[in-house]
Amino acid sequence: PIMATGLGEFLRSLRRGLVQGEQNSPARGDTQVREFARMYIIAYSTAKLDCMLSVHLRLPSEIILKIFSFLDAFSLFNISFVNKQFHDLANSNALWSVLYASEIEKKMWRPRVSMIKEAVSSTIVEEKPAGYWKKLLLKEMAGYKDTMWKTELKHMNPHTGMPALTEHVLRRLHIQWEITLTNRHGRESVYEQTHTFFEDSSVTVCWSQGAWPCMYTVNSLQLHGIMCPASPAPGDKPRWRSLIRKTALQRTGHCSFFGADRLVKVLQFDKGIIVGLWRGNWKIAFIMVNLHFHKLIERSLLGSRFCPYLPADDNAVDLDYSRHGYTLHIVLHNPVQRIMCQRFSPLYTRRVMSQGEFVQLIAIDFANVSEHVPVTKFSLPWQAQGLQGEVERCCMMTLTVLDEAQRPFWCVSSTVKMYRRQRVLDLENEGEQFIVLYGDAEGKVKMTFVWMEEFQHYFLVQLVTMFPTAKVKRHFSGEC
């Protein structure tokens with residue numbers, strides 16, 4: 001699929017380059033190159049892939065480089081996945097330095113643009129290490145000036161432990177999120193976000209407009225971060241896409257039933273992705289994703305179309321931190337309002353041996369009535385195609401655990417669902433009891449609620465988190 005994508009983008013861009021070149025009256029020396037390029041396009045248009053590959057194998061590297069010079073950056077990046085020869089040639093500093101100079105020249109507000117372009121076109125180009133100009137250009141196309149927004153993200157919210165200006169930076173850079181659905185035949189459909197809801201440590205993104213397919217025809221979902229121009233204009237360059245997550249959506253794949261109302265039923269994938277289906281026909285009505293603020297801007301900008309951004313490890317230096325207090329910040333919310341927000345600090349670990357070796361943080365103990373927290377009604381509102389509804393006893397959870405140095409230890413954004421508790425806790429207050437469970441490879445969360453009919457409220461009477469001791473050792477590079 002990568003090879004086909006690369007060739008497709010390569011040839012579409014090559015056709016555009018040839019048309020522009022003809023309008024600019026190319027030199028006679030380019031005639032042979034253009035004839036070879038036309039052979040590529042003819043082979044592609046008639047689906048003769050073998051013919052196309054055999055043509056490029058007979059061409060010298062100089063001719064292929066000349067053909068590549070007609071490509072834009074997006075197509076040049078994709079064509080590098082076709083084979084080793086294309087990869088080596090498509091990463092040439094000579095090609096990327098010209099593209100970088102052209103990109104810089106468009107931004108006339110920058111100082112001494114002519115000097116920058118002159119430097120790029122000089123012999124300094126080949127003196128730079130391989131991939132230098134490509135990396136600079138991809139940063140420009142991603143639209144980030146890291147010295148600016150990375151400085152802004154250093155200011156932490158003391159309540160959540162997350163960068164205080166995350167929402168501000170996301171809005172200033174015009175970062176949005178889009179999903180790509182791929183059907184069984186490999187055809188892709190792209191959907192732009194329709195609604196976002198910002199909390200102090202996460203953002204919920206909703207997609208509810210467009211012509212949606214039936215669920216059983218969709219193979220996968222890809223979530224990309226993009227940076228949209230403030231005033232888009234016809235002919236704008238393709239937007240850089242940074243892969244955040246790819247999820248299999250086969251009907252028989254790994255998913256769970258999340259809830260339903262009179263109009264829709266909701267499935268949950270990969271904890272943080274929920275898909276609403278119209279009852280009776282399995283056609284998609286809406287999709288929601290909850291994204292934690294931890295490294296969200298980096299994940300939305302610095303990945304590629306096929307590979308997500310991978311943050312560097314940031315282990316603690318003082319091994320005693322693992323024995324000191326943790327901070328837990330938890331928010332229960334839905335796409336339109338906050339349900340509960342609590343912060344617990346300091347919390348100290350206890351070892352538990354059930355189902356393996358874990359460390360445990362108890363934020364709320366059911367035996368201590370003074371710690372119990374009132375919670376408003378759980379629900380998940382939705383809108384799609386002019387209709388609206390509400391799925392009961394489910395919501396979204398954004399949980400952040402920080403070590404004593406206030407560095408993220410565990411960050412979770414997920415949908416959660418209430419279940420009736422089979423084994424009732426011995427409490428003074430009578431009422432129906434419910435439990436919320438969450439678990440992944442990094443940790444577990446357990447919450448117990450009691451419904452008080454006279455107050456028309458839930459009460460959170462137990463909140464416990466557990467982590468494998470191996471995670472603690474890995475985070476602190478030492479013993480827990």
Side-chain angles (χ1 to χ4, degrees), residues 160-162 201-202 254 256 268 270-272 290 292 294-295 311 313-332 340 342-368 371-373 375 395-427 433-450 460-480:
T160 66
M162 291 292 105
S201 53
S202 70
H254 179 69
S256 60
Q268 177 180 242
D270 288 352
K271 307 300 183 182
N290 193 32
H292 200 286
H294 180 53
K295 301 294 184 181
D313 294 333
D314 184 21
N315 293 332
V317 177
D318 186 352
L319 302 182
D320 287 336
Y321 280 151
S322 62
R323 299 182 179 91
H324 293 179
Y326 291 80
T327 297
L328 186 150
H329 180 264
I330 184 170
V331 182
L332 299 179
M340 183 199 79
Q342 293 290 320
R343 184 177 187 270
F344 305 91
S345 180
L347 298 176
Y348 299 95
T349 60
R350 304 178 184 177
R351 285 184 179 270
V352 293
M353 303 300 294
S354 61
Q355 299 178 355
E357 191 175 5
F358 288 83
V359 294
Q360 184 183 75
L361 297 177
I362 300 179
I364 298 178
D365 190 342
F366 74 90
N368 190 344
E371 296 179 345
H372 298 178
V373 179
V375 181
C395 68
M396 297 177 176
M397 176 187 73
T398 301
L399 181 140
T400 308
V401 178
L402 309 170
D403 62 19
E404 192 184 38
Q406 295 300 293
R407 282 173 297 196
F409 176 73
W410 189 39
C411 299
V412 175
S413 286
S414 176
T415 48
V416 293
K417 178 179 173 59
M418 277 185 167
Y419 299 92
R420 281 189 175 86
R421 189 181 179 99
Q422 300 299 323
R423 184 181 176 183
V424 178
L425 293 177
D426 185 14
L427 300 173
Q433 296 185 11
F434 297 87
I435 190 170
V436 171
L437 299 174
Y438 172 86
D440 60 27
E442 297 294 312
K444 300 178 182 180
V445 180
K446 177 182 179 182
M447 291 182 280
T448 303
F449 296 84
V450 176
L460 177 59
V461 300
Q462 186 183 43
L463 172 56
V464 179
T465 57
M466 299 172 62
F467 316 103
T469 55
K471 173 179 173 60
V472 180
K473 293 177 181 179
R474 185 172 65 250
H475 179 80
F476 294 102
S477 298
E479 297 294 332
C480 63

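The figures here come from the full heavy-atom set of this structure, side chains too, leaving out hydrogens, waters and symmetry mates.
Minimum heavy-atom separation, Phe409 to Asp403: CB-N, 4.2 Å. Closest approach of Thr400 and Met162 over heavy atoms only: CG2-CE, 3.9 Å. Heavy atoms only, all atoms of each residue included: Thr469 and Phe358 are closest at CG2-C, 4.0 Å. Heavy atoms only, all atoms of each residue included: Pro346 and Gly325 are closest at CB-CA, 4.0 Å. Heavy atoms only, all atoms of each residue included: Ser202 and Ser413 are closest at CB-OG, 4.0 Å. The shortest heavy-atom contact between Gly161 and Leu402 is CA-CD1, 3.6 Å.
The side-chain heavy atoms of Val416 and Cys395, taken from C-beta on, include a pair separated by under 4.5 Å.
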Subject >> Step-by-step side chain to side chain contact (heavy atoms under 4.5 Å, CB included) determination, Met447 to Ile330 >> reply: CA-CA 11 Å; Met447 291 182 280; Ile330 184 170; 3.8 Å; yes
Subject >> Stepwise side chain to side chain contact (heavy atoms under 4.5 Å, CB included) check, Val373 with Leu463 >> reply: CA-CA 10 Å; Val373 179; Leu463 172 56; over 6 Å; no
**OP:** Carefully, step by step, assess Thr349 and Phe467 under the rule side chain to side chain contact (heavy atoms under 4.5 Å, CB included).
**Re:** CA-CA 10 Å; Thr349 60; Phe467 316 103; 6.0 Å; no
Original post:
Would Ile364 and Phe344 satisfy side chain to side chain contact (heavy atoms under 4.5 Å, CB included), going step by step from the backbone distance to the final call?
Top reply: CA-CA 9 Å; Ile364 298 178; Phe344 305 91; 3.7 Å; yes
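Donor-acceptor pairing under 3.5 Å is lacking for the side chains of Ser201 and Thr160.
Residue pairs meeting the salt bridge (charged side-chain N to carboxylate O under 4.0 Å, His left out) criterion with at least one partner in residues 460-469, sequence neighbours excluded, are absent.
Taking NZ of Lys417 as the reference point, atom CD1 of Ile435 lies at 13.5 Å (rounded to 0.5 Å). Going from atom CZ of Arg421 over to atom CG of Leu437 covers 8.5 Å, rounded to the nearest 0.5 Å. With rounding to the nearest 0.5 angstrom, the OG1 atom of Thr327 is 13.0 Å from the CZ atom of Arg407. The line from CZ of Arg420 to CZ of Phe434 is 5.0 Å long, rounded to the nearest 0.5 Å. Separation of atoms CD (Glu371) and CD (Gln462) is listed at 11.0 Å; rounding is to 0.5 Å. Of the inter-residue distances, the one linking Trp410 atom CH2 with His292 atom NE2 reads 10.5 Å to the nearest 0.5 angstrom.
Shown here are the ring pair (Phe, Tyr, Trp, His ring centres under 6.0 Å) partners of His329, two or more places apart in sequence or in another chain: His159. With sequence neighbours left out, the side chain to side chain contact (heavy atoms under 4.5 Å, CB included) criterion links Val375 to Ile339, Met340, Phe378, Phe449, Tyr458, Leu460. Applying the salt bridge (charged side-chain N to carboxylate O under 4.0 Å, His left out) rule to Lys471 yields the partners Glu442; only residues at least two apart in sequence or on another chain are considered. Take Asp440 and apply the side-chain hydrogen bond (donor to acceptor under 3.5 Å, both in side chains) test, not counting sequence neighbours, and it matches Tyr438. In this view, Gln360 satisfies the side-chain hydrogen bond (donor to acceptor under 3.5 Å, both in side chains) rule with no residue, not counting sequence neighbours.
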